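Only a predicted model underlies this, so the values are computations on that prediction, with no experimental measurement involved. In this chain, numbering begins with 1 at the start of the sequence shown.
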Amino acid sequence: MSILMNDSTRVIVQGITGRIGSAQTHWMLEYGTRVVGGVTPGKGGTTVEGVPVFDSVLEAVKETGANASVFFVPAAFVLDAFLETIDAGVKLIVIVPEHIPVKDVLKMRSYAVEKGVFALGPTTPGILVPGMGKMGIMPASLFAPGRVGIISRSGTLSYEFAGILSESNVGQSTVVGMGADPVVLRNLADILELFENDKDTDAVIVVGEVGGEQEEKAAGFIARKMSKPVAAYIAGRYSPQGKKMGHAGAIVRGSAGTHAGKHEALRAAGVEVLESPIDVAKWAKKHKLK
């Protein structure tokens, strides 16, 4: 049915009393997510959307049995909150905020791997399992249950691809935003492996962009390990070298991270590279996906 989230996922929202945290809690609950608590230091004992608020993650976990957390915490406080969340025993963490210092992300990544925690972000729209629940900010109306996985570095493009598939009566098993920063908490290959091992996913779409080496490194994994069809779209064909294009990770430096280089690596791995998002409908039809 899905990767990362399932029927036993019990979510806490960190930064739940803030403007964004409270609004997104409303939408997550409305979509059916099991949001069991929230954390804002100093606001313990209050409620948001009927959800109890706690002063610490440890208290929230003890009282609610939470095993997942989504962050709407100001960037300056994310590192400390992240370490606290792992120490409280939470095993799935989604970091929505942007502008987190790279040095903080490196510490977070190392600690998560050491403790066996699967973390996504920063700068991610989160995870959505159509018809079941979501952690993050994805607009649920564009998604439909099915058997195609989506991994994206871009939030808005993940919505576009899901919308095109849904209009073509092709549903999605899980949609994962891996994060748009130069350094992220999990690599593309890590998420591809989860989809490869998921019996309810028949094919995977990678929505990438120029900058970084995620797609090139993932191409090696695809060539060695993926048995399921993989399609990819790389945004930023006309991005000028050395200029930031929307995301901190979408910067082309020299010959690294170019649109052409990513296409070449992916094609060599047997990936069908899409020239336009609309082409995903033809790809799905060719592979008889649902």
Side-chain angles (χ1 to χ4, degrees), residues 1-14 16 24-39 49 51 57 60-72 82 85-86 88-96 112-113 115-121 124-152 155 158-159 161-162 165-166 170-179 185-206 226 228 289-290:
M1 178 181 177
S2 63
I3 64 169
L4 297 174
M5 287 186 72
N6 55 42
D7 291 336
S8 64
T9 302
R10 299 173 64 84
V11 180
I12 55 173
V13 180
Q14 292 183 237
I16 191 171
Q24 293 301 329
T25 296
H26 170 84
W27 294 116
M28 285 187 283
L29 285 166
E30 186 169 88
Y31 196 58
T33 311
R34 295 181 71 187
V35 179
V36 296
V39 177
E49 298 287 332
V51 173
V57 182
V61 170
K62 285 182 176 179
E63 293 294 326
T64 68
N67 53 17
S69 177
V70 57
F71 278 44
F72 298 101
F82 187 84
T85 303
I86 290 179
V90 174
K91 292 300 184 182
L92 173 63
I93 303 175
V94 173
I95 307 294
V96 175
V113 171
K115 298 296 183 179
V117 171
F118 203 102
L120 291 169
T124 174
I127 309 165
L128 186 144
V129 178
M132 192 195 77
K134 66 172 188 166
M135 293 172 63
I137 61 173
M138 294 187 191
S141 61
L142 296 172
F143 303 86
R147 300 182 64 86
V148 178
I150 299 177
I151 311 169
S152 181
S158 66
Y159 316 155
F161 271 81
L165 288 173
S166 297
V170 178
Q172 306 88 51
S173 56
T174 310
V175 182
V176 180
M178 62 176 289
L185 297 167
R186 278 288 178 164
N187 290 326
L188 178 53
D190 298 331
I191 307 168
L192 281 165
E193 185 172 18
L194 294 180
F195 277 124
E196 172 67 13
N197 295 331
D198 178 36
K199 63 181 178 61
D200 294 320
T201 295
D202 294 333
V204 185
I205 300 162
V206 174
M226 291 292 293
K228 300 175 180 180
L289 299 172
K290 298 180 180 180

Nearest heavy-atom neighbours spanning [X] and [Y]:
X: V39; Y: A60; answer: CG2-CB, 3.9 Å
X: T64; Y: R10; answer: O-NH2, 2.7 Å
X: S158; Y: V175; answer: CB-CG1, 4.2 Å
X: D198; Y: S2; answer: OD1-O, 3.8 Å

Just wondering, do [Y] and [X] contact through their side chains at under 4.5 Å, heavy atoms?
X: T25; Y: F72; value: no
X: L165; Y: I150; value: yes
X: V206; Y: L192; value: yes
X: Q24; Y: V13; value: no
X: L92; Y: I127; value: yes

Using modelled atom types and a 3.5 Å cut-off, is there a donor and acceptor pairing between side-chain atoms of [X] and backbone atoms of [Y]?
X: T33; Y: V35; result: no
X: K91; Y: N67; result: no
X: R34; Y: D7; result: yes
X: K134; Y: A140; result: no
X: T201; Y: A203; result: no
X: R186; Y: F118; result: no
X: Q172; Y: V148; result: no
X: Y31; Y: M132; result: no

> Under the side chain to side chain contact (heavy atoms under 4.5 Å, CB included) criterion, do I12 and V36 qualify, and how do the steps go?
Replying inline: CA-CA 6 Å; I12 55 173; V36 296; 4.3 Å; yes
>> If the test is side-chain contact (heavy atoms from CB on, under 4.5 Å), which one of V129, T174, T9, L194 qualifies with L4?
In response: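 Testing each of V129, T174, T9, L194 against L4, the sole residue satisfying side-chain contact (heavy atoms from CB on, under 4.5 Å) is L194.
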>> L185 and side-chain contact (heavy atoms from CB on, under 4.5 Å): which single residue from T124, D190, I95, L120 fits?
In response: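 Per the side-chain contact (heavy atoms from CB on, under 4.5 Å) rule, the option paired with L185 is I95, out of T124, D190, I95, L120.
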Rounded to the nearest 0.5 Å, what separation is found between the [atom1] atom of [X] and the [atom2] atom of [Y]?
X: I3; Y: E196; atom1: CD1; atom2: CD; result: 12.0 Å
X: K290; Y: R147; atom1: NZ; atom2: CZ; result: 9.5 Å
X: L128; Y: L142; atom1: CG; atom2: CG; result: 9.5 Å
X: S166; Y: Y159; atom1: OG; atom2: OH; result: 14.0 Å

>> If you apply the rule salt bridge (charged side-chain N to carboxylate O under 4.0 Å, His left out), what do you find for K228 with D202, and how did you get there?
In response: CA-CA 6 Å; K228 300 175 180 180; D202 294 333; over 6 Å; no
> Under the side chain to side chain contact (heavy atoms under 4.5 Å, CB included) criterion, do V70 and M28 qualify, and how do the steps go?
Replying inline: CA-CA 11 Å; V70 57; M28 285 187 283; 3.9 Å; yes
